[in-house]
Amino acid sequence: MWAYESVFYQIYPIGFCGAPQVNDGVCVPRIRKVAAWADYLQELGVGAVLLNPVFESSSHGYDTRDFTKVDCRLGTNEDLAEVVRTLHEHGIRVALDAVFNHVGRDFWAFRDVRERRWDSPYKDWFHLSFDGDSAFGDGFWYEGWEGVYDLVKLNLQNPAVVDYLLEVVRGWRHEFGVDGLRLDVAYLLDRDFLRRLRGVADELSATAPTAAPLAGRRPEDASFVLIGETLHGDYSQLVNPEMLDSCTNYECYKGLYSSFNSQNMFEIAHSLHRQFGGDPWCIYRGLHLLSFADNHDVTRLASILSDPACIRPAYGLLFGMPGIPCLYYGSEWGATGTKGGGDDWALRPAFEHPEPNDLTGYIEQLVQARTAGAGARALCYGAYRNVQIQNKQLLFERAVEASAEGPAERVFVAVNAVAEPFDFSAGELAGAFSDLLAGEDVELSGTLHLEPYEVRYLLQR
């Protein structure tokens with residue numbers, strides 16, 4: 001599947017495009033700014049853009065008013081369609097944020113309930129009771145998202161609600177030509193709804209969208225991808241053939257930055273082996289989880305690392321480990337942002353234009369290693385094995401067997417997390433290798449030298 005071989009790039013459009021934080025009702029085609037970055041994104045090598053909420057809402061996008069209309073602060077439906085067309089012309093797919101657990105208080109069906117109460121045909125679209133009252137004095141009580149009553153929980157066990165949302169998804173594919181969804185708070189979504197959505201995704205995968213043809217990058221693969229937002233618990237309960245293709249790997253997100261901050265690479269090594277290792281008890285072998293260093297909900301990597309120089313090896317580890325790497329806009333050049341202060345707008349800034357630097361160039365090398373040429377198949381599909389773990393260094397193997405898709409490959413990923421050089425000694429490090437980041441062939445005799453903060457990807461020849 002194309003998603004398993006891609007690097008995603010996440011954009012929070014309301015912030016990225018500099019839209020007002022509260023919907024002012026003024027239609028401005030700000031979303032076209034995403035299209036203006038298409039050349040940059042293509043050069044960076046990303047294969048898909050993930051757009052956080054783009055549909056009509058009252059504030060931050062997750063309080064939806066209308067699933068069929070692009071937020072006026074971002075423009076019109078045609079503006080979004082043009083963005084998708086432009087990205088597709090650059091060989092970049094597009095996934096939309098699908099906020100199906102809850103809606104805003106101004107969602108059209110909930111407004112009808114507020115106005116007509118018992119007489120509303122939509123009263124069963126929500127979890128509510130006329131025996132109580134809300135904090136807003138509606139004359140009825142309703143369930144909100146985790147106690148937030150600006151976000152009204154949808155009744156996903158109501159067939160009418162499910163049918164409506166599934167038609168919305170079909171409409172997004174038909175009108176915009178999008179390639180998949182990121183399902184907000186997927187851990188709360190009704191499992192039967194997810195099974196129905198899987199059926200629609202399979203239906204949409206059967207034919208390529210006609211709205212915006214894709215150039216290059218396996219255009220014959222029309223898979224409509226479902227990626228869930230999941231925090232904790234057993235990810236395989238959602239990522240399986242009946243439901244989702246992938247979900248966010250928050251366990252390894254935490255392990256990634258924490259290992260560098262505590263100079264304890266055993267933490268991330270333990271999580272990666274627990275999830276993807278070769279032992280029978282390893283729990284996610286064969287799954288492709290969305291791996292990330294930061295996103296629109298958490299402090300950026302450049303702000304959370306105790307040692308700023310660790311940002312390079314942290315990204316080197318991210319792109320070398322199992323999963324689908326996802327970059328958050330601006331973090332590829334080291335943008336900062338700290339979560340807190342009552343809202344998350346500091347994490348969701350507007351940038352006038354890309355600001356690439358040496359870090360961006362390094363990440364471009366990592367993307368290239370992950371997505372093109374020899375070694376890419378091992379990095380995308382290979383099994384995981386810890387070779388050597390130190391407090392401040394980690395050496396692991398990604399290996400894939402020969403198949404119809406290509407020959408066997410074995411890539412060693414070596415990480416040095418500190419300011420001192422280090423020499424790995426291991427029997428696996430004897431022989432001929434291609435250094436995928438340096439672009440040169442090397443001969444080793446069991447020892448590998450790493451400079452401070454260096455990461456190396458070595459493909460065995």
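The structure presented is a predicted model; accordingly, all values stated were derived computationally and were not measured.
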Give the minimum heavy-atom separation between G382 and R398, together with the two atoms involved.
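Here G382 and R398 meet closest at O-NH2, 2.8 Å.
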Considering all heavy atoms of both residues, which atom of D294 and which atom of S331 are nearest to each other, and what is their separation?
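The answer is OD2-OG, 2.8 Å.
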Taking [Y]'s backbone N and O only, do any of them form a donor-acceptor pair with [X]'s side chain (distance below 3.5 Å, no angle check)?
X: R198; Y: M243; answer: yes
X: S303; Y: G337; answer: yes
X: S246; Y: L290; answer: yes
X: Y235; Y: L231; answer: yes

Both conditions, 6.0 Å and 45 degrees, for the charged tip of R73 above the ring of F55: are they met here?
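No, cation not above the ring by the 6.0 Å, 45° rule.
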For N23 and E56: C-alpha separation, side-chain torsions, deciding distance, then whether side chain to side chain donor-acceptor pair (under 3.5 Å) applies.
CA-CA 9 Å; N23 195 326; E56 188 74 13; 2.9 Å; yes
Please indicate whether [X] has more than 12 foreign heavy atoms, meaning atoms of other residues, nucleotides or ligands, lying under 6.0 Å from its [atom1].
X: E220; atom1: CD; value: yes
X: D358; atom1: CG; value: no
X: E146; atom1: CD; value: yes
X: E401; atom1: CD; value: no

Does the ring centre of F16 sit less than 6.0 Å away from the ring centre of W345?
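No - the distance between ring centres of W345 and F16 does not fall below the 6.0 Å cut-off.
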Hey, do the aromatic rings of Y253 and F292 have their centres closer than 6.0 Å?
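Between Y253 and F292, the centre distance is under 6.0 Å.
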F100 vs F67 aromatic rings, parallel, tilted or perpendicular, using cut-offs 30° and 60°?
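Aromatic pair F100/F67 classed perpendicular.
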Evaluate the ring planes of W125 and Y122, with Trp represented by its six-membered ring, and classify them as parallel (under 30°), tilted (30 to 60°) or perpendicular (over 60°).
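Taking Y122 first and then W125, their aromatic rings stand perpendicular (interplane angle over 60°).
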Quick one, [X] and [Y] - any side-chain contact, counting heavy atoms below 4.5 Å?
X: D245; Y: I227; result: no
X: Y12; Y: C17; result: no
X: E175; Y: T68; result: no

Answer yes when K69 and D66 have at least one side-chain N-carboxylate O distance shorter than 4.0 Å, and no when they do not.
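No salt bridge links K69 with D66.
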Tell me whether R312 is salt-bridged to E454, with the criterion being a basic N under 4.0 Å from an acidic carboxylate O.
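The answer is no: the pair does not qualify as a salt bridge.
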Please identify each residue that fulfils ring-ring contact (aromatic ring centres under 6.0 Å, His included) with F412, with sequence neighbours left out.
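ring-ring contact (aromatic ring centres under 6.0 Å, His included) list for F412, sorted by chain: empty.
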Just one of H288, E409, E405, E5 clears the side chain to side chain donor-acceptor pair (under 3.5 Å) bar with Y381, so which one?
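It is E5, the one option of H288, E409, E405, E5 that forms the side chain to side chain donor-acceptor pair (under 3.5 Å) with Y381.
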Pair H296-D344, side chain to side chain donor-acceptor pair (under 3.5 Å): steps then yes or no:
CA-CA 8 Å; H296 67 301; D344 294 328; over 6 Å; no
Let me see the working for I311 and L301 under side chain to side chain contact (heavy atoms under 4.5 Å, CB included), right down to the final yes or no.
CA-CA 7 Å; I311 196 166; L301 182 63; 3.8 Å; yes
